[in-house]
Amino acid sequence: MPPKLLTDVRTRAAYAEGAGIYRIVPAGVAIPSDGEELAALVRWAAETRTPLIPRGAGSGMPGGNVGAGVIVDLSRGFTELTVDPHARIARAGASVTWAQVTEAARVHGLRLPPDPSSGAFATSGGMAATNAAGPRSVRYGSVRRWIDAVEVVGAVGDARTVRRGDGRGEMYELTADGRRLIAEHFPKTRKNSSGYALDRFAESGDDLDLLIGSEGTLAFVTAVHWRLDPIPPDIAGVALGFAALSALAEAVPFLVSLNPSAIELLDRSLLRLIPDAPDVACLLLVEFERETSAAARGVVGDAVRGLKDHVAHVETAVDRAGLAKLWEVRRLASPALARLPPSQRSLQVIEDGCVPLERLGDYIAGLRSAAERHAVPIAIFGHAGDGHVHVNALPDVTQKGWQEALTLLFNDVLDVVLRLRGVPAGEHGAGRLRAGVLEQFYGPQVMGLFRDVKRAYDPLSILNPGVIIPAADWAPLAALKVGEDAAAIPDDIAARLRDVERTAGWATPKLELAR
Ligand SMILES: Cc1cc2nc3c(=O)[nH]c(=O)nc-3n(C[C@H](O)[C@H](O)[C@H](O)COP(=O)(O)OP(=O)(O)OC[C@H]3O[C@@H](n4cnc5c(N)ncnc54)[C@H](O)[C@@H]3O)c2cc1C
């Protein structure tokens, strides 16, 4: 039996927003409690041609977790979690968060190395579906490398387990011509979550590589088999401030060559909001994990010596406590953004671009000048070691013309990313926001391959239509949650959704918001 379809106004309103910019009131909400209910729901949707929107915590930013069809909330029913410390595998149901996997693994001295900042609430299903990453991805990659298998329910209600190393894709095969197109057209960035990972699929032939990062458009993930790794014994780090952005071109590749476990950047545009932050053009927070404390301290010394002619500010930390103190400045960034006046909204429209490492300084300069040109304040921070930064656009939404300015900023920044041979999304996915720009990045022929993949897995297009493959009426900055045109929902629910956003309360069950 499919789960009950919830269609009352309050429930639909509570699911109308995720993180990110959109408010789209769904036709209904279903909360399956197990794989059988989910499979029955998918069969019903196929018969009735009803679009389904898979959803975890709703913390994804580009609009893959909202839509006009039926939202399928997988954050509640799929909670089983077992750890096999000998095989170093955790099998986590789709609802299990990164923090829960981490907690269960820690008692065995193990961990899941990629560490999304949203780990407190991001679900296993959501992380696999977006190919999530985090500060430590500079050394450990995105979650793709750490997924051994996924259990899925496909577009006809078929349940199967898809494993790493299974060989030739079960659902889709590449021709020699397709392989050539992929080699020619996929940008060479360290991270990419923009569209189907055909480059990875071409290398491995594993169905798994298409499913990871497919943003709910090819199948529902009901469980993830995570690969775990021993927690490294020692750690040290350094904060390095630079007087000029141009120093990044040399500093970041040098630091990457020292095999750090994180290189996080805080740009002046964000530092200015944080009390007592160093007065520099940008700050890099660098972490090194090593087998001994001597090795960890040694490499911090190498980093400082190697960059002594470039840095305007240096602070070192030789143990976990010291490092936590050093990183406090990064933790203060979110409260600083939350303190902005209510008229100034943080909107994620250019938040996830990734460029080749050596072009990072150019990218930040391009971001700053586009923001200045359109008079939209921005705050830049993120994963410098991967050439990947997050950008919060902070328009004053009480000023006339803010939407037009945001659209111009969106377009200009895409041009900068294209020019630098980057990708529009490093870890958040294409979603609805960027579905219509993928063709500019990959060209029409690779986009044709994306459509073939979609048809192979979901011929009726019931799974998250409009995500990755753009809708015919794609309009990236329509259906906003802010402004006069925002869809009408009850005021108290709108206020609770705003609180969720302000406090990152994505773990709150959405039915609680509807009560
Ligand atoms: C404060 C904050 C910090 C963040 N930091 C990071 C970060 O460091 N790194 C990072 O990568 N992301 C980050 N994000 C984005 C977000 O947390 C991740 O994309 C996360 O993986 C989404 O998980 P979720 O459970 O919230 O999924 P949702 O937002 O609900 O869904 C995201 C996408 O996955 C699909 N999906 C969800 N569950 C399933 C499923 N079971 N089966 C099939 N498809 C599914 C949805 O359809 C949607 O397209 C951050 C977000 C916030 C709000």
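Each ligand, and each atom within it, is numbered from 1 in the order the structure gives.
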Is the shortest side-chain N to carboxylate O distance from [X] to [Y] below 4.0 Å?
{"X": "Arg160", "Y": "Asp158", "value": "yes"}
{"X": "Arg164", "Y": "Asp206", "value": "yes"}
{"X": "Asp148", "Y": "Arg163", "value": "no"}
{"X": "Glu151", "Y": "Arg91", "value": "yes"}
{"X": "Glu289", "Y": "Arg111", "value": "yes"}

Exercise. Give me the ring orientation class for Phe450 and Phe186: parallel if the planes are under 30° apart, tilted from 30 to 60°, perpendicular past 60°.
Key: perpendicular
Quiz item: Among all protein non-hydrogen atoms, which one is nearest to atom 33 (C) of ligand 1, and what is the separation to 0.1 Å?
Solution: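 Here the nearest protein heavy atom works out to Thr130 CG2, 3.7 Å.
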Quiz item: Can you tell me the protein heavy atom closest to atom 16 (C) of ligand 1 and the distance?
Solution: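 In this structure, atom 16 (C) of ligand 1 has Ser59 OG, 3.3 Å as its nearest protein heavy atom.
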Please compare [options] and report which has the shortest non-hydrogen distance to [atom].
{"atom": "atom 50 (C) of ligand 1", "options": "Ser118, Gly119, Ser137", "answer": "Ser118"}
{"atom": "atom 46 (C) of ligand 1", "options": "Gly216, Pro54, Gly60", "answer": "Pro54"}
{"atom": "atom 37 (C) of ligand 1", "options": "Gly64, Gly213, Ala122, Gly126", "answer": "Gly126"}
{"atom": "atom 1 (C) of ligand 1", "options": "Phe220, Phe121, Trp506", "answer": "Phe121"}

For [X], is at least one N or O under 3.5 Å away from an N or O on ligand 1?
{"X": "Ala57", "answer": "yes"}
{"X": "Arg55", "answer": "no"}
{"X": "His383", "answer": "no"}
{"X": "Ala133", "answer": "yes"}

